[in-house]
Amino acid sequence: MLVLVNLFGLPGRLAGLAAMIAGAVLSAPRASEGGAAARWWEAMAVGALLTLAGVGVSFAVGSLGGLLAVAGGILVAIAVALGFPA
């Protein structure tokens, strides 16, 4: 949420992106565990990739890159909520 309102500027956005990617990489060993929402890790990885793609696309087309980044952030937030009890 802090990234969306641009509270910390570019360093805050880059730190948020790094945290998303690190979270996806560090949680990969737990991806095979089952549960009520067994596919949470795939959603987290796709969300992190969408956000990363959004950053790249925003250099050429700002609005499209922003939409990709927001969609990725929302997907990561949903995946974290689903995977937290696992």
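Atom set for the values below is all heavy atoms of this structure, side chains included, hydrogens, waters and symmetry mates excluded.
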hydrophobic_cluster_shared for Met20 and Val46, side chain cutoff 4.5 Å:
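In one cluster: no.
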Identify whether Val70 and Val80 are in the same connected component of the hydrophobic contact network (ILVMFWY, side-chain heavy atoms under 4.5 Å).
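Cluster IDs for Val70 and Val80 match.
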Applying side-chain contact (heavy atoms from CB on, under 4.5 Å), can you list everything that pairs with Ala43, at least two apart in sequence or on another chain?
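side-chain contact (heavy atoms from CB on, under 4.5 Å) check on Ala43 returns Leu75, Ala79.
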Using the test side-chain contact (heavy atoms from CB on, under 4.5 Å), find all partners of Ile78 that sit at least two apart in sequence or belong to another chain.
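Ile78 satisfies side-chain contact (heavy atoms from CB on, under 4.5 Å) with Ile74, Leu82 only.
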Give the other cluster members for Leu26, using side-chain heavy-atom distances under 4.5 Å between Ile, Leu, Val, Met, Phe, Trp and Tyr residues; answer none if it is isolated.
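Members alongside Leu26: none; it stands by itself.
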Taking every non-hydrogen atom, the tightest pair across Trp41 and Ala24
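What the structure gives for the nearest pair is NE1-O, 2.9 Å.
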Taking distance alone, no hydrogens or angles, what donor-acceptor pairs closer than 3.5 Å link side-chain atoms of residues 49-59 to residues at least two apart or in another chain?
{"from": "Thr51", "atom 1": "OG1", "to": "Gly47", "atom 2": "O", "distance (Å)": "2.9"}
{"from": "Thr51", "atom 1": "OG1", "to": "Gly73", "atom 2": "N", "distance (Å)": "3.4"}
{"from": "Ser58", "atom 1": "OG", "to": "Gly54", "atom 2": "O", "distance (Å)": "3.4"}
{"from": "Ser58", "atom 1": "OG", "to": "Val55", "atom 2": "O", "distance (Å)": "2.7"}

